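Take a look at the structure below.
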Amino acid sequence: MKICIVLSTRPEIIKLSPLIEKLKKNRDSFYLINTNQHSLKKMSKIFFDFFKIKGKIKNINPSKKSQSDFFSDSVSLISKILFANKPDYLIVQGDTNTSLAGCVAAYLFNRGLNKKDKIKIVHIESGLRSFDDSMPEEINRKIIDRLSDILFPPTNFDLNNLKRDNCVKDKKVFIVGNTISDVLKKYLVLTNKSKILKKLNLIKRNFFLVTLHRPESVDNKKNLTKLIKALKILCEQYKHPIIFPIHPRTKNNLKKLNLSFDKRIKIIEPLEYLDFLKLMKDTRIILSDSGGLQEEASIIGTPCVTLRTTTERQITVIKKVNILAGYNKKKIISSVKKFYNKRISKIKDFGSGNVTEKIYKKLKLLSN
Ligand code: UDP
């Protein structure tokens with residue numbers, strides 16, 4: 001089987017790393033297309049380097065003038081590569097503009113071809129739904145699921161979303177868990193090598209970890225202002241350090257909107273994976289609008305307060321390891337209070353570290 005994986009962003013590199021490692025180990029024929037959606041070294045190169053993903057990467061440089069320029073350029077540049085080097089499978093992960101572009105490029109390539117000549121489009125982390133169409137990621141997820149041939153939803157919950165969207169007919173669908181559980185199985189044990197607690201002068205379970213980057217939180221002045229106020233109250237009520245590795249989008253927007261966080265909040269550059277993992281493991285509570293952090297926190301057993309009004313990781317809320325607090329300061333503070341003295345159980349819904357193996361076996365089987 002010959003595989004093309006289209007990726008670029010930090011979560012894609014992290015979550016696809018075990019599959020890439022597996023393909024490399026088994027000497028399968030594959031190549032990667034990096035759209036450079038994330039191009040800053042600390043959001044991209046350090047992750048490619050950490051997971052030892054090198055060679056076999058075709059870099060494209062779509063315009064970033066606007067999202068539509070990025071999308072149309074990406075589709076066109078990916079198409080050219082697919083025509084020159086046709087794979088059996090094109091794999092995308094999650095809900096980024098990169099995944100959408102990869103998927104659409106393969107879909108257009110396939111038009112008018114006989115079934116046997118088509119590229120099979122594979123969506124890993126399929127079926128997630130926030131039921132909030134104002135999120136760009138929600139639209140991406142829906143289109144990718146619709147256009148893909150092979151879907152790997154993490155949980156039964158996600159499979160039901162696909163059924164509800166009438167998105168399983170004529171497709172191969174397999175519940176497998178989430179590859180992040182493989183990543184955590186391998187790397188959590190290595191976090192004892194990290195010196196980040198010492199570097200930031202932190203005591204285990206005596207600090208909060210914050211991340212923010214979604215358009216609805218950081219592009220929207222009203223919501224960002226609410227979050228700034230809520231975190232200020234947190235500084236006042238708890239004397240713990242608050243560590244905030246800031247996403248470049250958030251940093252830019254603070255400047256643009258002329259806003260700033262309370263001086264007591266320690267804003268640092270985005271961290272490399274092992275250091276960040278160590279903070280997720282040792283923090284008292286994670287406060288974030290990230291999708292991936294909700295999963296990682298629930299697997300590690302760290303409580304998560306999600307700074308959004310909707311989530312596509314509902315299973316973590318149902319299992320009571322994540323509270324959806326939105327932008328409401330009262331709800332954010334009461335959620336922190338609720339989790340503050342509580343130990344939560346790790347959840348197993350995203351798998352226990354054998355997800356890549358399951359995906360790999362299915363792809364092998366379907367290629368014969
Ligand atoms: N992450 C990291 N360093 C940081 C912040 C996040 O390595 O400073 C990792 C985190 O562990 C997770 C991924 O980046 O695996 C999440 O990325 P992000 O929140 O940007 O994206 P989302 O999951 O919301 O798509």
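Keep in mind the model is a prediction, meaning the values are calculated, not measured. Note that ligands are numbered from 1 as they come in the structure, with each ligand's atoms numbered from 1 the same way.
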Going by distance alone, is a donor N or O of one side chain under 3.5 Å from an acceptor N or O of the other, for [X] and [Y]?
X	Y	value
Gln93	Glu12	no
Ser99	Thr96	yes
Thr9	Gln37	no

Provide, to 0.1 Å, the distance between [atom] and the closest protein heavy atom, together with that atom's residue and name.
atom	value
atom 9 (C) of ligand 1	Ile14 CD1, 3.7 Å
atom 15 (O) of ligand 1	Glu296 OE2, 2.8 Å
atom 1 (N) of ligand 1	Phe276 CD2, 3.5 Å
atom 23 (O) of ligand 1	Gly292 N, 2.7 Å
atom 19 (O) of ligand 1	Ser290 OG, 2.8 Å
atom 3 (N) of ligand 1	Leu271 O, 2.9 Å
atom 21 (O) of ligand 1	Pro11 CG, 3.5 Å
atom 5 (C) of ligand 1	Arg10 NH1, 3.3 Å

query = In ligand 1, which numbered atoms sit nearer than 4.0 Å to a non-hydrogen atom of Pro245?
reply =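 It comes down to these atoms of ligand 1: 8 (O).
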request  = Report, in ascending order of atom number, the atoms of ligand 1 lying under 4.0 Å from any heavy atom of Met280.
outcome  =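 Under 4.0 Å from Met280, ligand 1 has these atoms: 11 (O).
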ask   = Cation over ring, Lys226 on Tyr327, under 6.0 Å and within 45°?
value =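 No - Lys226 does not lie over the ring of Tyr327 by the 6.0 Å and 45° rule.
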Ligand 1 and [X], any nitrogen or oxygen pair closer than 3.5 angstrom?
X	value
Gly291	yes
Arg214	yes
Phe47	no

query = If you draw a 6.0 Å radius around NZ in Lys229, do more than 12 non-hydrogen atoms from other residues or ligands fall strictly inside?
reply =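 Count not over threshold, so no.
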key: From CG (Asn34) to CD1 (Ile5), nearest 0.5 Å   =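 Answer rounded to 0.5 Å: 12.0 Å.
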ask   = Strictly under 4.0 Å, does any heavy atom of Glu295 approach an atom of ligand 1?
value =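 The answer is no, since Glu295 has no heavy atom less than 4.0 Å from ligand 1.
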query = According to the interplanar angle, ranging from 0 to 90°, do the rings of His247 and His213 count as parallel (below 30°), tilted (30 to 60°) or perpendicular (above 60°)?
reply =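 The arrangement is parallel - the two ring planes meet at less than 30°.
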inquiry  = When you measure from the side chain of Asn140 to the backbone of Leu100, do you find a donor-acceptor pair of N or O atoms at a distance under 3.5 Å?
reply    =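 Answer holds: no.
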message = Hydrophobic clustering (ILVMFWY, side-chain heavy atoms < 4.5 Å, transitive) - are Leu257 and Ile267 grouped together?
response =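 Same hydrophobic cluster.
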